[in-house]
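None of these values were measured; they are calculated from a predicted model.
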Amino acid sequence: RASSGQAVLIVPPFAEEMNKSRRAIALLADALAARGIATLLPDLGGTGDSAGEFADADWDAWRRDVAAAAGWADAEGWPVHAVLGIRLGCVLAAEAVSRMPRPVSRTVFWAPVQDGQAYLTQFLRLRVAATWQCGVKPGLQTDWPVGYVRSRPARRCRPGPMTVQEESLNMSSSIRR
């Protein structure tokens, strides 16, 4: 195993998309490792196995997390030469690249989010639908983590309009922007 070389920093997608992409990211990391390239995948504050709660997650803190990950890799002898952003991670990667200790030679955006408002609306609707499937009316229990998985079969939801209230979902205002 080499003690230094190049690294690719992967800026993950958001919420359930992050969970669904883990296998593809792991396969990519294995393929890069076979070529002597390290892969760095940070868990941004309030997500994954990182410290903090999702409700406290903050876009500016996430930018700092990405830059800090690149700084750590650089200090360890694995400077980041390429950045891969996935979905919402593309936006974060584009913003964070300027804060990295060295310029990167490549950026790759995989299925970037094109419309932030539409993306947020989709996320909120999926969150409300998941809450309904668990037999809880929206707004009554909002402290479940994103990507909550339950073990019993889904109940059918009653048809009708669904109101999405962003404020009830414990999401910081900087992410809603």
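Taking hydrophobic clusters as Ile, Leu, Val, Met, Phe, Trp and Tyr residues chained together by side-chain heavy-atom distances below 4.5 Å, L120 shares a cluster with L44. Linking ILVMFWY residues whenever their side-chain heavy atoms come closer than 4.5 Å, directly or via other members, places F14 and V66 in the same cluster. Hydrophobic clustering (side-chain heavy atoms under 4.5 Å, transitive across Ile, Leu, Val, Met, Phe, Trp, Tyr) keeps V108 apart from L88. Both I37 and W110 sit in one connected hydrophobic cluster of ILVMFWY residues. Membership requires side-chain heavy atoms under 4.5 Å apart, directly or through other members. Both W62 and V91 belong to a common hydrophobic cluster when Ile, Leu, Val, Met, Phe, Trp and Tyr are linked at side-chain heavy-atom distances under 4.5 angstrom.
Residues passing the side chain to side chain contact (heavy atoms under 4.5 Å, CB included) test with A93 are V11, V83, F109, sequence neighbours excluded.
Between L84 atom CG and L32 atom CG the span is 9.0 Å, to the nearest 0.5 Å.
Listed here is the closest heavy atom pair of P79 and G5: CD-O, 3.1 Å. L9 approaches A70 most closely through the heavy-atom pair CD2-CB, 4.3 Å. Closest approach of G71 and P101 over heavy atoms only: CA-CG, 3.7 Å. Heavy-atom minimum distance, P12 versus I10: CD-O, 3.5 Å.
Put simply, the side chain of Y119 reaches to within 4.5 Å of the side chain of R87, judged on heavy atoms.
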Next on the checklist: What verdict does the side-chain contact (heavy atoms from CB on, under 4.5 Å) test give for L40 and W78, after you've listed the backbone C-alpha separation in whole Å, the side-chain angles of each residue and the deciding distance to 0.1 Å?
Outcome noted: CA-CA 10 Å; L40 184 61; W78 293 89; over 6 Å; no

Next on the checklist: Please evaluate residues V97 and T107 with respect to the criterion side-chain contact (heavy atoms from CB on, under 4.5 Å), reporting the C-alpha separation (whole Å), side-chain torsions for both, the decisive distance (0.1 Å), and the verdict.
Outcome noted: CA-CA 9 Å; V97 163; T107 54; 4.2 Å; yes

Do any side-chain atoms of residues 20-29 form donor-acceptor pairs under 3.5 angstrom with protein atoms, and if so which ones, sequence neighbours left out?
unit_1	atom_1	unit_2	atom_2	d
S21	OG	E17	O	3.1
S21	OG	M18	O	3.1
R22	NH2	D43	OD1	3.2

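A side chain to side chain donor-acceptor pair (under 3.5 Å) check over residues 89-106, counting only residues at least two apart or in different chains, returns the pairs W59-E95, R63-E95, D74-R102. Note on residues 26-42: no pairs pass side chain to side chain donor-acceptor pair (under 3.5 Å), not counting sequence neighbours.
Distance alone, capped at 3.5 Å, is enough to place a donor-acceptor pair between the D65 side chain and the G45 backbone.
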